[in-house]
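For reference, the structure discussed in these notes is given below.
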Amino acid sequence: MATLDKRSPNQQILPLTAKTNSNDHLEIGGCDVVELLQQYGSPLYILDEVSLRGACQQYRDAFKTHYQGESQVIYASKAWNCLAICAIVASEGLGIDVVSGGELFTAIKAGVNPELLYLHGNNKSESELEYAIACGCIIIIDNWLELKTASNLAESLGKCPRIMLRITPGIECHTHEYIQTGHLDSKFGFDPTEVESVFAFLSNQTALNCIGVHAHIGSQIFELQPHQDLGAVMIKWFKIAGKYGLNLTELNIGGGLGISYTESDDPPSITEWVKTVSNSVMAACEAEGLPLPKLISEPGRSLIGTACVTAYTIGGGKTVPQGRTYVTIDGGMSDNPRPITYQSQYLAMVANHMSAEADQVITIAGKHCESGDILIKDIKLPKTTAGDILVVPATGAYNYSMASNYNRIPKLAAVLVDSGEANLILKRETYEDLIRQDILPHKLR
Ligand SMILES: Cc1ncc(COP(=O)(O)O)c(C=O)c1O
């Protein structure tokens, strides 16, 4: 394993190990990106192990330094859930937040300790709840139906699962409206006006062991103030629980720390964020005269976002008279749906001519049958020709996990790179994979 770096990975656009090598090629984890594409095909997700492990360690170490009670970092695996990534974060001592039976299954198959798994979701099915109870993971209860279903299931299975309650904190933050979750008009969690009745319900039943409360205010947040405010709001819920004889011990403040996609992004470092949430919870406990809870955080994007790049091969293009120059790549919205979904901005570089002068303004178009499949509008890059390799950084979070097979395009392969070694962690889908679940009924044959 290459040595770790003190830079906060979420503040770097490229992975920590990225550099230009003597061939003027981009190198990540000691591997030449151009050679990786020759070996594994194009397009390709390239994940830097040093950046991912470094981010895990920075979160863990910062809580040890700044929080005086017990703490646990859990990886919000919705950012990118697969066997290898679950195994890496678990080996760094992190727990894992899952939001579906499928994510839970993957984490269990990766060998993650179920005691450190937290099941989220605003509409868990009975079978997902039953699976979670049988595994012994912690369930974050989102609403009344789920609370009652979990209680009935626990009783019939003769188990007493640990649960936490997701409550909407009523805290607004500045991010895309689709990834704001903490404001009152949100589909997630119990409304704060319901807190007393939920605790009253829990105080009268023994099938569920309520260990704490959870809130998540949104994603890709650069301000510290919303998280600064969160501690006091949540510790008040601890106080109310006490009135109903419930002894809560865990407080989960969610994730949300942003990352740098472009030079204009300026997120706080992992350490600054941890210090803010730690101080906020410690101050709130002191004000309310309560002992420090076990403090849980569940970052996703800031753990893995900048650890990965996507490398594409450039194809054709066109110049509109008196208009834009389009350059097309062999991927697009199916491997990175963020630009079309959230109008997200990205940078790019030509990985086989790293020091060439950027002397043209081009628009990078995806290959999908959709006018909106534009990865980057008006970016200054060196002259490119078909066959050049274009790298888009910061594609580790919500790219593979939100990828689709739109236009029946197979999902990409992913490699994990470290110290000059590359290991395949996701195989490229084949055309056969695409029709694996298709059925041609007899009458159509
Ligand atoms: C409940 C919950 N926890 C954690 C996260 C992770 O957020 P982020 O990737 O911004 O750290 C999310 C993502 O939106 C979430 O919904």
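Counting starts at 1 for both ligands and their atoms, following the listed order.
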Please confirm whether the backbone N or O of E146 pairs with a side-chain atom of N143, one donor and one acceptor, at under 3.5 Å? yes

Tell me the nearest of H216, Q220, R166 to atom 14 (O) of ligand 1, using heavy-atom distances. H216

Checking side chain to side chain donor-acceptor pair (under 3.5 Å) for the pair E250/N252: CA distance, chi angles, key distance, verdict? CA-CA 7 Å; E250 299 197 10; N252 183 333; over 6 Å; no

Run the numbers for me: atoms of ligand 1, each under 4.0 Å from some heavy atom of A76, listed by number. 4 (C), 5 (C), 6 (C)

State whether the number of non-hydrogen atoms from other residues, nucleotides or ligands found under 6.0 Å of E286 atom CD is greater than 12. no

For R301 and ligand 1, does the shortest N/O to N/O distance drop below 3.5 Å? yes

F188 six-ring centre to R166 NZ/CZ under 6.0 Å and within 45° of normal: yes

Should the pair Y400 and Y45 be assigned to parallel (<30°), tilted (30 to 60°) or perpendicular (>60°) ring geometry? perpendicular

For the residue pair F105 and Y131, does the interplanar ring angle fall in the parallel (under 30°), tilted (30 to 60°) or perpendicular (over 60°) class? tilted

Atoms in ligand 1 flagged as close to H120, the criterion being non-hydrogen separation under 4.0 Å: 1 (C)

Run the ring-ring contact (aromatic ring centres under 6.0 Å, His included) test on H120 and H216 for me, step by step, so that the C-alpha distance in whole Å, both residues' side-chain angles and the decisive distance to 0.1 Å come before the verdict. CA-CA 11 Å; H120 275 279; H216 172 73; 8.1 Å; no

Looking at G255, which atoms of ligand 1 are within less than 4.0 Å of one of its heavy atoms? 4 (C), 11 (O)

Taking the non-hydrogen atoms of Y398, is any one of them nearer than 4.0 angstrom to ligand 1? yes

For ligand 1, find out whether one of its N or O atoms is nearer than 3.5 Å to an N or O atom of S219. yes

Does even one non-hydrogen atom of P299 get within less than 4.0 Å of ligand 1? yes

Is there at least one pair of N or O atoms, one from S302 and one from ligand 1, spaced under 3.5 Å apart? no

Within the structure, is a non-hydrogen atom of G256 found at a distance of less than 4.0 Å from ligand 1? yes

List ligand 1 atoms under 4.0 Å from E298, heavy atoms only on the residue side. 1 (C), 2 (C), 3 (N), 4 (C), 5 (C), 6 (C)

Quick check on contacts: which atoms of ligand 1 are under 4.0 angstrom from a heavy atom of D97? 3 (N), 4 (C)

Parallel, tilted or perpendicular: rings of F63 and Y67 (30°, 60°): perpendicular

